[in-house]
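Predicted model, so just to flag it, every value in this text is computed and none were measured.
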Amino acid sequence: MFGVRWGVGFGLILSFTACGTSEPSTVDVADAAGDTQGHAEQSSGTGDGTTEGAFDGGTSDGTDDGTPAEPEPPIFPLTGPSIWTSQEMLQRAWLGIAKGEEPFASAWERVRGAADELLDTSLEPYQGEEYLRFYRTARDQGQALRHLAIAHHLSGEPAYLDAARALLLAWVDDGLENTSPASELPHSAGLVIGRTMSIFADGYALVHHALSVDERQAVEDWLAAKVPIIQQSRQIWESGTYASFGPPWLDEQFFNNHLGAQTMGLLAIGYATGDEALVQEELRGASNPRDLETLIEGVVFMPGDALYKKDPTLTAGAPAVRAGEIYDRYRVTGGSGIHYAHLHLRLLTLMALMADNNADGDYFAYTAEGGEQLLLSFQFYGAFAVEGRSNARTGYYEGSPVDWDMLGLFELAHRYYPDEVEIIEALELRPRVRRDRETFGWTAPLLFAQGDIAHRVGRWEFERNGRAEGWLARKSVTLSVDAGALAVQLQGSDPGMLSPEQLGLPTSQYGTLRLGVRNVAVDGQLQVFFTTTDEPVFSAERELVAPLPPAGGAQAEVVVDLASHPLWSGTLAQLRIDPYDGNVPGQIVFDYIRLEP
């Protein structure tokens, strides 16, 4: 058995079988912290266990004219392959932390907190035959590797680097004995290996500078050994017959997410090991029926594209496909349509990132023959993040929970599509620092954020024409946004509108609702209802009222003391505003709606 146990500070103890040996060794990294520099020719430490330019002290006193100097970014070089994390990302994150900018500062607290916990956590690799056990263990420990490595790059603390290096080498050593992970399901092994080994490949790139030549070779051999396993899975899918599935492509699932995961895994391994032939085969290989270019064309839908034969649009009259939807949408039949659509979009996006980091083509701008491109998918699925509703857009996905892991992916998308409103609003209106369970852990906003978005969770300003920022008509109203205001046209009895769902705001921090109101035509009062995660149904028990400003007057601010309500507790899920309690046509205009302390 192979275990990694860390103590706080430099008290790391590693028990594993060294690469290429059969005897277990115990390494006390009280010495290894200062010894790390000897493992790589291009390391950048001072030789005394500290590193210049690290976050906890890497600033100079000032310039010759007395003005404060810019903080100095970390100097640890990324000496190896480029997978997802670039030197520029690390430097931007470091500067954002040093300046106290969001979301960098809050994300850094989470990343460093996770790394600190890992220093006192026992982890054990698993590369056995059990499919789900391998996936979950490799995913979580791959993320642990990245948390530790990134914490080292941003803090300069050797303990993080020692722990990251030890964890990676423990997996490499375990792989000498366990050579066929997830083998109980050969057709699915490529799915989980592709999704997890790409995380390890990025972790390897982050600690490459601290590895000896022999250790680097051992890591690359370990990764390369996964290539034939993934290729076997691809062959099973391409031949089309396995268990109860028939040909072609296992029951005609021509662009299932398994195929994207296989390609992503092979591409990451190709970059990590310097196998240029494998890289080109996965990007645009003539003999590869599911290279990245083919996947973009087949996975991203355009109106009129052929759907999977069991798609509810064909079998149950569900809404027709829109531009940008993802092939795996048909998983709505099991309540997972949004999750699997986002998963496959993630796989395509991460491959595009790898290609961009290696100057192998701009797949964020790539347009396939039928007009398919990644941007269309972010435009389509952005509404689900803004509204928090599974029935957004056409209603096709109703019943499939919104996948909040998508927000980390939207951070990345914003780097390449900085002017896209759907992406911007998803990041403006939702808490950005949250754990991405699939790939990045806490690191996505830290590495991918641009720092140019005004975070305004719980504040709706209606500054973009035609954008209601997730508010929807409930009954007897129509909504329109123009000239920086939300106009509510009253059309009958019991008029009302609904905020985005799943707001996720702690009521202890948001006790006041402020509304900038222009009452054009009616006198009366407005009603405010709220739901929480524990009480998700609107009820008169959770209602507050406030008088409307006089009809025809200037804008006035209406303040609702939410905290005064005896049931205002827990986590706020949604607001409902009935802007008028009568049955008279008219119009009420909201310049803003703001939740505040």
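The heavy-atom pair separating Pro495 from Pro579 by the smallest distance is O-CD, 3.7 Å. Nearest heavy atoms, Arg92 versus Ala449: CG-O, 4.4 Å. Scanning all heavy atoms of the two residues, the minimum distance from Ala115 to Leu148 falls at O-CD2, 3.8 Å. When all heavy atoms of Leu347 and Gly260 are compared, the pair lying nearest together is CD1-C, 3.8 Å.
Contact check for Arg434 versus Leu407: side-chain heavy atoms found under the 4.5 Å cut-off. Side-chain atoms of Thr532 and Thr571, non-hydrogen and from C-beta on, never get closer than 4.5 Å to each other. Contact annotation: the side chain of Val332 approaches that of Pro312 to within less than 4.5 Å [non-hydrogen atoms, C-beta and beyond]. Counting heavy atoms from C-beta outward, Trp471 and Leu575 have side chains that approach closer than 4.5 Å. Contact of the Arg146 side chain with the Thr443 side chain is registered, since non-hydrogen atoms from C-beta on lie closer than 4.5 Å. The closest side-chain heavy-atom distance from Ile593 to Ile577 is below 4.5 Å. Counting only heavy atoms from C-beta outward, the side chains of Leu345 and Leu374 approach each other to under 4.5 Å. Within the 4.5 Å cutoff, the side chain of Glu461 has heavy atoms near those of the Arg594 side chain.
Between Phe462 and Tyr592, the ring center distance fails the sub-6.0 Å criterion. A ring-centre distance under 6.0 Å is not found for Tyr308 and Phe255. Annotation: His342 is in aromatic contact with Tyr381 [ring centroid separation under 6.0 Å]. For Phe440 and Trp84, the ring centers sit closer than 6.0 Å to each other. Aromatic ring centres of Phe76 and His152: separated by under 6.0 Å.
Between the side chains of Thr394 and Arg322, not a single donor N or O lies within less than 3.5 Å of an accepting N or O. Side-chain polar atoms of Thr439 and Arg346 form a donor-acceptor pair below 3.5 angstrom. Inspection of the Glu422 and Gln379 side chains reveals no N or O donor paired with an N or O acceptor under 3.5 Å. Side-chain contact of Asp356 with Tyr416: a donor-acceptor pair under 3.5 Å is present, judged by distance alone. In this structure, a donor-acceptor pair under 3.5 Å is absent between the side chains of Ser86 and Asn357. Asp311 and Tyr396 form a side-chain donor-acceptor contact under 3.5 Å, judged by distance and modelled atom types alone. For the residue pair Ser106 and Glu102, a side-chain donor N or O sits within less than 3.5 Å of a side-chain acceptor on the partner. Between the side chains of Trp442 and Gln143, no donor-acceptor pair of N or O atoms lies under 3.5 Å. Checked by atom type, the side-chain pair Ser400/Arg331 shows no donor-acceptor distance below 3.5 Å. Under 3.5 Å, the side chains of Ser499 and Gln574 contain no donor-acceptor pair of N or O atoms.
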Step-by-step side-chain contact (heavy atoms from CB on, under 4.5 Å) determination, Thr478 to Gln491: CA-CA 8 Å; Thr478 58; Gln491 298 178 325; 3.3 Å; yes
Verdict with reasoning, Arg456 to Glu469, per salt bridge (charged side-chain N to carboxylate O under 4.0 Å, His left out): CA-CA 11 Å; Arg456 50 188 181 92; Glu469 299 183 355; 3.0 Å; yes
Pair Phe530-His565, ring pair (Phe, Tyr, Trp, His ring centres under 6.0 Å): steps then yes or no: CA-CA 10 Å; Phe530 63 89; His565 196 289; 5.2 Å; yes
Step-by-step side-chain contact (heavy atoms from CB on, under 4.5 Å) determination, Glu109 to Val433: CA-CA 10 Å; Glu109 289 182 12; Val433 180; over 6 Å; no
Glu387 vs Arg430, salt bridge (charged side-chain N to carboxylate O under 4.0 Å, His left out): CA-CA, chis, key distance, verdict: CA-CA 10 Å; Glu387 296 181 19; Arg430 292 292 176 177; over 6 Å; no
Side chain to side chain donor-acceptor pair (under 3.5 Å) evaluation trace for His414 with Asp452: CA-CA 10 Å; His414 182 56; Asp452 59 348; 2.9 Å; yes
Derivation and outcome, side-chain contact (heavy atoms from CB on, under 4.5 Å), residues Leu498 and Phe538: CA-CA 11 Å; Leu498 298 170; Phe538 286 111; 3.7 Å; yes
Verdict with supporting geometry, Glu428 and Arg464, salt bridge (charged side-chain N to carboxylate O under 4.0 Å, His left out): CA-CA 13 Å; Glu428 283 181 334; Arg464 301 182 183 96; 3.1 Å; yes
Leu548 and Asp523: CA distance, side-chain angles, deciding distance, side-chain contact (heavy atoms from CB on, under 4.5 Å) verdict: CA-CA 7 Å; Leu548 285 168; Asp523 291 313; over 6 Å; no
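To the nearest 0.5 Å, atoms CG (Leu562) and CG (Leu513) are separated by 5.5 Å. Atoms CG and OH, on Leu307 and Tyr330 in that order, are 11.5 Å from each other to the nearest 0.5 Å. To the nearest 0.5 Å, atoms CG (Leu154) and CG (Leu446) are separated by 5.5 Å. Separating the CG atom in Leu567 from the CD atom in Glu541 is a distance of 6.5 Å, to the nearest 0.5 Å. Atom OG1 of Thr507 is separated from atom CG of Leu572 by 7.5 Å, given to the nearest 0.5 angstrom. In this structure, Gln502 CD and Ser390 OG are separated by 8.5 Å, a value rounded to the nearest 0.5 Å.
Arg542 places a side-chain N or O within donor-acceptor distance of the main-chain N or O of Val537, the cut-off being under 3.5 Å. For Asn257 (side chain) and His344 (main-chain N/O), no donor-acceptor pair under 3.5 Å exists by modelled atom type. Of the possible donor and acceptor atoms, one in the side chain of Tyr417 sits under 3.5 Å from a partner among the backbone N and O of Phe364. Side chain of Gln450 to main chain of Phe448: a donor-acceptor pair is present (N/O by atom type, distance under 3.5 Å, no hydrogens or angles). Using a distance-only test at 3.5 Å, with no hydrogens or angles considered, a donor-acceptor pair links the side chain of Thr313 to the main chain of Pro319. The backbone N or O of Asp494 lies less than 3.5 Å from a partner atom in the side chain of Arg474, making a donor-acceptor pair. A distance-only check finds no donor-acceptor pair linking the side chain of Trp404 to the backbone of Ala385 [under 3.5 Å]. Here the side chain of Asn465 pairs a donor or acceptor atom with the backbone of Ala483 at under 3.5 angstrom. In terms of modelled atom types and a separation under 3.5 Å, the side chain of Gln87 and the main chain of Leu78 share a donor-acceptor contact.
Within a 6.0 Å radius of CZ in Arg136, other residues, nucleotides and ligands contribute 12 heavy atoms or fewer. Residue Arg437 qualifies as open at atom CZ: its count of foreign heavy atoms under 6.0 Å is 12 or below.
Note: Phe301 and Tyr327 have tilted aromatic rings, judged against thresholds of 30 and 60 degrees for the angle between ring planes.
Arg195 and Glu438 are joined by a salt bridge, as a carboxylate oxygen and a charged side-chain nitrogen come within less than 4.0 angstrom of each other.
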